[in-house]
Amino acid sequence: MNELDSELVRGQLSALGYTFSDNPDAAQVVLFNTCSVREHAESKVYSRLGIVGQRKLAGENILLGVLGCMAERDGLALLRRFPQVDIMCGPGELDKLPALIDAARRCEVATAAERTALAGDRTRRSAVLSAVQDDLENLDLSRAFDPIVAGRSVFAAQVRITRGCNKFCTYCVVPNTRGAEVHRPPDHIVDECRKLADSGALEITLLGQTVNHYRYEHGAAVTISGREAPQIGPGLAAFRTAIPAGKRVTTFAQLLRRIHDEIPSIARLRFVTSYPRDFGRDILETMRDCPRICRYLHAPAQSGSDRILKLMNRGYTRSQYEAFAAEALEILPDATIAGDFIVGFPTETDQDFEASCDLVRKLPFKNNYIFKYSPRPGTVAIERFTDDISNEVKKLRNNVLLNLQTETSARVHAAWVGRTVDVLIEEVCTRRDTQPATGGVELRWQTKASKNETTPATTLRGRTAGDLIVSMNTPSGSNPSDFVGTIMPVRLQNSSSLLLHGGLTTHLVAPPKRTAHASK
Ligand code: 5AD
Ligand code: SF4
């Protein structure tokens, strides 16, 4: 979600004539787009703010801004701690950023109110919610797709389908920092996807905190001009009841099918993040019937213990998660499943942790991101529970679960060896020749070969529709970069826990021509 916000900010500022620098020391405006989900991410921002702040104190003329969740959550307290910050802009106010930069540039001494655009409690007050959402909607609608970012070609784009979240998992700051769950009108989403596809995007990822809960009721929210407007999500109950007679609703399954059928130039349609509850059979069947929808499900389990899931307010049990995974694999046998786990949630016993380990052993997770619980201000968990698991225990559990996941990932990857799959080739890499005797492939990606290495071989790197990472040797006599931005059949030959390795099956023929846009 943050990456998309950065892209929208970039597009908005580019349109106003700002140019971007890879070197922060050369920039006159430095903006940090921040995340509050875990403390670690916040600490990094504080240290970078300190560094830029020192340069300002030394007399450099820099405009410094904090965007996103940290600005929203810390607000004026952050300004007091870092008085060198000129701009503070929450994720729900990004459309106001150009005006804030302009004001900060023109006023030598702006008041705190002039330097900030934070939603505060507003995002949860329905009276003003629609106005806020309309502004944000315009920001998404006005985006420009730049097929070349920082000198590299871009084939993948993201489109938001919902904003905010209504689930209130007890550990999570998102409902506070991003506000109530709001669903965008399907026509806006389809238009944005079409615009991106026309500009060269081969792969589009639909974004939302719980995408399968997307549900737009037509006629319920319109603007004065009669256009459909974003609307507040119907809540969990809506997924347990039939659509009332006479109401026209677009469900997530219908949205997927519309995009798939109406924009055939999208080679890959993906979505994140799925909520393991209420993941309807209609969605799985749509994925089965639409070949360009990727069979990839990022559906965080968070824990394998029912007791902890309840304390987390996740709204499902472990067996419900298992049933979701079983149904997905029954309808889509090739699907890959990934997710997130939190270890060291308050009161987590060895037995609770073992339940998470057991889930990672039993289910064919392609990968899992594993996080140590981090108490976040403003969440229910920080108020309700003592953070009673020591950092040592959290670290240990993190390592144990990571090791188990490595074994599971290796098994999942190994099962693909021998098959031929389509790979979207994304980049050319140089490879250290460090293939272990087991036949597995251990690759390290690097931009330059260092002196004491064997001569690096050139490889291509890409992803399957199930988000498996694949490395491929470059066919002899060909120019590797000709393959970048194409989807090619690859025969998978061996695997490791991190990736698969294979050969392009069309090595005797010239690589296909990229679209005019993709090769721009
Ligand atoms: N502590 C640790 N991990 C967290 N996540 C969200 N909030 C916290 C927290 N307070 C993790 C969850 C979520 C992912 C994006 O971040 O696993 O799925
Ligand atoms: Fe946070 Fe839960 Fe919403 Fe995900 S579903 S964003 S973890 S509150």
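Keep in mind that this is a model prediction, so the values were computed, not measured.
- Taking OG1 of T336 as the reference point, atom CG of L297 lies at 7.0 Å (rounded to 0.5 Å).
- Between E354 and R361 there is a salt bridge, since a side-chain N of the basic residue sits under 4.0 Å from a carboxylate O of the acidic one.
- The two residues L363 and T408 make their nearest non-hydrogen contact at O-CG2, 3.5 Å.
- For F271 and F252, the distance between ring centers is under 6.0 angstrom.
- Ring planes of F365 and Y321: tilted class, angle from 30 to 60°.
- Atom OH in Y46 sits 13.5 Å away from atom CZ in F32 (nearest 0.5 Å).
- We find that R163 and D5 are not joined by a salt bridge, their nearest charged nitrogen and carboxylate oxygen being 4.0 Å or further apart.
- Using a 4.0 Å cut-off between charged nitrogen and carboxylate oxygen, R419 and D334 count as a salt-bridge pair.
- Using a cutoff of 4.0 Å between basic side-chain nitrogens and carboxylate oxygens, E322 and R318 are scored as salt-bridged.
- Checked by atom type, the side-chain pair D352/T349 shows a donor-acceptor distance below 3.5 Å.
- Taking the six-membered ring where the residue is Trp, H298 and Y369 present tilted rings, their angle falling between 30° and 60°.
- For the pair R10 and F20, the distance from NZ or CZ to the six-membered ring centre is under 6.0 Å and the angle to the ring normal is within 45 degrees.
- Residues S36 and E42 have side chains that bring a donor and an acceptor to within less than 3.5 angstrom of each other.
- For the side chain to side chain contact (heavy atoms under 4.5 Å, CB included) criterion with K167, the lone passing option out of R277, R314, E181 is E181.
- Relative to the six-membered ring of Y296, R463 misses at least one condition, a distance below 6.0 Å or an angle of at most 45° to the axis.
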